[in-house]
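FYI, side chains are in, hydrogens and waters are out, and symmetry mates aren't considered; it's all heavy atoms of this structure. Here, residue 1 is the first one in the sequence, and each next residue gets the next number. Everything numeric in this text was worked out from a predicted model, so none of it was measured.
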Amino acid sequence: MNPALFAGGGAIFRREMQLYRAKLSRPTFVVAALVTPLMYLVVFGLGLGRQVRIDGGDYLTFLVPGLMVMAAMHNAFTWVASGINIARFYHRTWQVIMLAPVTPQAVVAGTIAAGMARGLSAAGMVGVAGVAVGWRPEPSLLIPLTLVLETGLFAALGLVIGLKTRRTEEHTTYTNFLITPMGFFCGTFFPLSSLPSWLAAPLHLLPLTHANLAVRQPGFTPEALVALAVLAGFALVLLAWGTRRVARYRE
């Protein structure tokens, strides 16, 4: 792989991180980004965490990894999709980026890396909150690796959707009918084994299902390796799709 293809990607990443740091300085932004997973953590984790048993453990142990992958998905996708949407239709800065002497691969790398950074930071904050209320995870590289693959694929999906939309309202449609349902039905709050087989089977076609399966494995089991391979496959396909859309961007 030619490193020159990615020249300029670091500048795009640093620009996005400067914007993110500016937003992090506002407490209202941090609260707004984490209010939903933290609300679920308090309502379900503390309310039911020690009374309900799932897979031989308490519900808090089951819930926190699911909330981490949900927060990672939502933040990685939203940061990229809404950022491109606003840059295209309001500030017109995306067109300036596309006129810069950088390759599509550099634009994709910088944009997706920024989305991954936001998704990972959100997941990390949820994990810290979970530890504060009693979650005690086993030391393992499985959760970080899963989160890296997951944020990569959802940031790439955000890139595709951000370039595909023709109006600002379309972004909300994708969030309401794709991202939000995945958060509720892909094993975040309950195991898919509790669902009828006719409903659980199609849910295994969605990437968040495999992220939830991976983070709850005790280690690099065969089930975890399969889930990681599926996430990697999704990520590669979406990266290729996003690079193609950037290369063909005309507006």
Side-chain angles (χ1 to χ4, degrees), residues 12 16 19-20 23 29 32-37 39-40 66-95 97-98 104 107-123 126 147 149-189 199 202-212 230-231 233-251:
I12 295 173
E16 296 296 325
L19 294 173
Y20 187 40
K23 292 183 176 182
F29 173 80
L34 295 176
V35 64
T36 299
M39 180 181 65
Y40 291 138
L67 292 178
M68 290 177 67
V69 299
M70 185 177 74
M73 171 190 68
H74 188 271
N75 281 269
F77 173 83
T78 301
W79 175 258
V80 176
S82 63
I84 292 176
N85 198 287
I86 293 171
R88 287 175 61 202
F89 298 115
Y90 288 98
H91 302 311
R92 299 291 178 179
T93 53
W94 182 260
Q95 290 82 348
I97 293 174
M98 296 307 298
V107 174
V108 170
T111 304
I112 289 179
M116 292 175 64
R118 175 167 177 176
L120 290 170
S121 65
V126 172
L147 291 173
L149 290 174
E150 181 205 4
T151 52
L153 78 88
F154 280 109
L157 178 62
L159 176 66
V160 172
I161 298 302
L163 293 177
K164 186 177 185 297
T165 53
R166 295 300 177 186
R167 298 185 302 274
T168 55
E169 297 81 3
E170 290 184 31
H171 166 68
T172 304
T173 301
Y174 283 103
T175 300
N176 291 340
F177 290 95
L178 179 62
I179 300 301
T180 300
M182 272 198 286
F184 280 98
F185 293 105
C186 288
T188 301
F189 298 100
L199 180 56
L203 291 176
H204 281 84
L205 300 176
L206 299 175
L208 191 67
T209 297
H210 297 278
N212 274 309
V230 172
L231 291 175
F234 271 110
L236 290 173
V237 170
L238 289 167
L239 282 170
W241 191 5
T243 304
R244 186 168 179 265
R245 291 205 68 93
V246 171
R248 296 188 173 189
Y249 176 80
R250 299 292 184 275
E251 194 168 54

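- Taking Thr188 as the reference, Asn212 meet the side chain to side chain donor-acceptor pair (under 3.5 Å) condition, with sequence neighbours excluded.
- In this structure, Thr151 OG1 and His74 NE2 are separated by 15.0 Å, a value rounded to the nearest 0.5 Å.
- Here Ile12 contributes atom CD1 and Ile97 contributes atom CD1; the two are 5.5 Å apart, rounded to the nearest 0.5 Å.
- Side chains of Pro207 and Met182 form a contact here, defined as non-hydrogen atoms less than 4.5 Å apart.
- Residues forming a side chain to side chain contact (heavy atoms under 4.5 Å, CB included) with Ala235 (at least two apart in sequence, or on another chain): Leu153.
- The number of heavy atoms from other shown groups lying within 6.0 Å of CZ (Phe234) is above 12.
- The heavy-atom pair separating Gly115 from Val80 by the smallest distance is CA-CG2, 3.7 Å.
- Within the model, atoms NE2 of His210 and CG of Leu149 stand 13.0 Å from one another, a figure rounded to the nearest 0.5 Å.
- Of all the heavy atoms in Leu147 and Ala72, the pair that sits closest is CD2-CB, 4.0 Å.
- Contact record, Phe89 with Thr165: CZ-O, 3.7 Å, taken as the closest heavy-atom pair.
- One finds the CG atom of Leu178 at 10.0 Å from the CG atom of Leu208 (value rounded to the nearest 0.5 Å).
- Looking at Thr180, its side chain never comes within 3.5 Å of a backbone N or O of Asn176 through a donor-acceptor pair.
- In this structure the side chain of Ile179 reaches within 4.5 angstrom of the side chain of Met73, judged on heavy atoms.
- Qualifying ring pair (Phe, Tyr, Trp, His ring centres under 6.0 Å) partners for Phe189, counting only residues two or more places apart in sequence or in other chains: Tyr40, Phe44, Phe184.
- Checked against side chain to side chain contact (heavy atoms under 4.5 Å, CB included), Thr173 has the following partners two or more places apart in sequence or in another chain: Phe177.
- The CE atom of Met116 lies 15.0 Å from the CH2 atom of Trp79; values are rounded to the nearest 0.5 Å.
- The shortest distance between side-chain heavy atoms of Phe154 and Val69 does not fall below 4.5 Å.
- Sorted pairs that involve residues 69-86 and meet salt bridge (Lys or Arg N to Asp or Glu O under 4.0 Å), not counting sequence neighbours, are lacking altogether.
- Residues satisfying the side chain to side chain donor-acceptor pair (under 3.5 Å) test with Thr209, not counting sequence neighbours, are none.
- Considering only residues two or more places apart in sequence or on other chains, Tyr90 meets the side chain to side chain contact (heavy atoms under 4.5 Å, CB included) condition with Ile86, Thr168.
- Annotation: salt bridge (Lys or Arg N to Asp or Glu O under 4.0 Å) contacts involving residues 71-90, sequence neighbours excluded, comprise Arg88-Glu251.
- Residues that satisfy the side chain to side chain contact (heavy atoms under 4.5 Å, CB included) test with Val246, not counting sequence neighbours, are Met98, Pro104, Val107, Val108, Leu159, Leu163.
- Distance check, rounded to the nearest 0.5 Å: OH of Tyr174 to CG of Leu157 gives 9.5 Å.
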